[in-house]
Amino acid sequence: MARGVLSFPLTSFHDDGTLDPDGFRAHVAAQIATGPGAVFPACGTGEFFSLDEDEYRQVVTVAVEEAGGRVPVVAGVGYGWAQAARFARIAEEAGADALLVLPHYLVAAPQDGLVAQLEQLAARTPLPLIAYQRGQVSFGVAAFRRITAIPGVIGLKDGHSDLDRLQRLTLAAPEDFLFFNGAATAEIQARAYATVGVPAYSSAVHAFAPEIADAFFTALSDGDHGTVEKLLRDFYVPLVELRDRVPGYAVSLVKAAARLRGRPVGPVRAPLTDPTAADLAELRQLLTTGLDLVGAAL
């Protein structure tokens, strides 16, 4: 999974908010055709929190069918362990290769509870688990050592960007344990994460501009710092500044950008909202700039 950008496809909805399986199939097929390191359906970018169990089954099934064994399919699961186990069974039946355990709902929890959450879920699924620490989920070194000893827990996705603590975790990990940079707009911090031994990252930009995401990944892998900094300065940093204006834009802007490129992803579901007309116009200009930088067109 460290050999290519990790794809987190958008979940397609019709204008009335119902699931659009055909639109999702077209979108995820286009994502997989670009050769990502793995595809992660029904995660944060895919609005997992808005899907019922039947919709989730359809989304994961389509992703598995379109991947066709060419890349791993890692489905999102979440909420408390009991509900996460229900989604895990659906993902297993649909043919997913592994699960990304999204942060649990609402409440803060002590370290023992965070470990127990993974223990309970791991006992109820044969699929490998990747824990996601973000928001109210944050592992200390002692708790982290305990989760690496849980059979089936194979990795950690980090969204806190505390590199001091993350370095301590990487040093405490078994040799074959996987780490992923899960910061919002991960490219912004990709170089910093790589310095503590975490080169793999998820890319929301890949969902609407794989040309930009792949160009950045290649430049970073090749040590082409000039291209990396040009893309950061002229595209990624302005995108983050636009993203930070409105809560939920981390997903809404991605969907809007995909629609600007003719992708059949539809609107976001409430409680998210689509961008304003002014923000959409700014996004269009920014997307045009980014594509120009890598020799592509809107």
Side-chain angles (χ1 to χ4, degrees), residues 1-9 30-40 43 45 70-72 74 100 130 132-134 154-244 250 253-254 257 261 286-298:
M1 285 192 243
R3 297 174 186 167
V5 175
L6 304 179
S7 170
F8 283 69
Q31 289 281 287
I32 291 170
T34 66
V39 60
F40 288 68
C43 293
T45 305
R70 290 174 290 169
V71 295
V74 185
L100 178 65
I130 298 170
Y132 190 3
Q133 64 169 13
R134 187 170 180 170
I154 64 168
L156 177 74
K157 183 180 180 185
D158 175 75
H160 285 295
S161 303
D162 181 340
L163 297 183
D164 178 286
R165 183 177 57 190
L166 185 59
Q167 180 71 92
R168 297 168 192 265
L169 299 186
T170 62
L171 293 173
E175 185 175 351
D176 58 349
F177 200 78
L178 303 174
F179 285 92
F180 304 95
N181 166 4
T185 315
E187 287 91 344
I188 291 286
Q189 300 185 63
R191 285 191 293 189
Y193 269 83
T195 64
V196 296
V198 184
Y201 61 88
S202 57
S203 174
V205 170
H206 190 273
F208 64 86
E211 305 96 326
I212 299 174
D214 289 341
F216 183 91
F217 182 88
T218 299
L220 186 66
S221 299
D222 293 346
D224 181 357
H225 298 296
T227 297
V228 167
E229 289 170 8
K230 180 69 172 173
L231 287 169
L232 288 173
R233 184 182 302 110
D234 295 344
F235 175 73
Y236 283 101
V237 169
L239 179 66
V240 168
E241 291 173 349
L242 180 57
R243 179 202 72 198
D244 289 346
L253 283 180
V254 175
R261 304 202 72 197
L286 180 57
L287 179 55
T288 299
T289 297
L291 291 168
D292 285 344
L293 289 172
V294 298
L298 186 61

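Heads up: numbering here begins at 1 and tracks the sequence.
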Give the C-alpha distance, both sets of side-chain angles, the deciding distance and a yes or no for side chain to side chain contact (heavy atoms under 4.5 Å, CB included) between F179 and D158.
CA-CA 8 Å; F179 285 92; D158 175 75; over 6 Å; no
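- If you take CZ on F177 and CD1 on I130, they are separated by 9.0 Å, rounding to the nearest 0.5 Å.
- Taken from CG in D162 to CZ in R168, the straight-line distance is 9.0 Å, to the nearest 0.5 Å.
- Atom CG of residue N181 and atom OG of residue S202 lie 6.5 Å apart, to the nearest 0.5 angstrom.
- A distance of 11.0 Å separates CG in L287 from CG in L253, rounded to the nearest 0.5 Å.
- Between L166 and V196, the shortest heavy-atom contact is CD2-CG2, 4.1 Å.
- Looking at R134, its side chain never comes within 3.5 Å of a backbone N or O of A183 through a donor-acceptor pair.
- A donor-acceptor pair under 3.5 Å links the side-chain atoms of Y132 to the main chain of G182, judged by distance alone.
- I212 approaches G290 most closely through the heavy-atom pair CD1-C, 3.5 Å.
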Apply side chain to side chain contact (heavy atoms under 4.5 Å, CB included) to the pair F216 and V5, showing each step before the final yes or no.
CA-CA 9 Å; F216 183 91; V5 175; over 6 Å; no
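- For the atom pair L291 CG and F235 CZ, the distance stands at 7.5 Å (nearest 0.5 Å).
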With side chain to side chain contact (heavy atoms under 4.5 Å, CB included) as the criterion, how do Y236 and V205 come out once you've worked through the C-alpha distance, each side chain's angles and the decisive distance to 0.1 Å?
CA-CA 9 Å; Y236 283 101; V205 170; 3.5 Å; yes
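- We find the CG-CD1 distance between L231 and I188 to be 10.5 Å, quoted to the nearest 0.5 Å.
- Using modelled atom types, one side-chain atom of T195 and one backbone atom of A192 make a donor-acceptor pair closer than 3.5 Å.
- Across every non-hydrogen atom of A38 and V71, the tightest pair is CA-CB, 4.3 Å.
- Considering every non-hydrogen atom in both L100 and V74, the closest pair reads N-CG1, 3.6 Å.
- Applying the side chain to side chain donor-acceptor pair (under 3.5 Å) test between H206 and each of Q31, E187, E211 identifies Q31 as the sole match.
- By the 6.0 Å and 45° rule, K157 does not stack over the aromatic ring of F180.
- Closest heavy-atom contact between D234 and L286: O-CD1, 3.7 Å.
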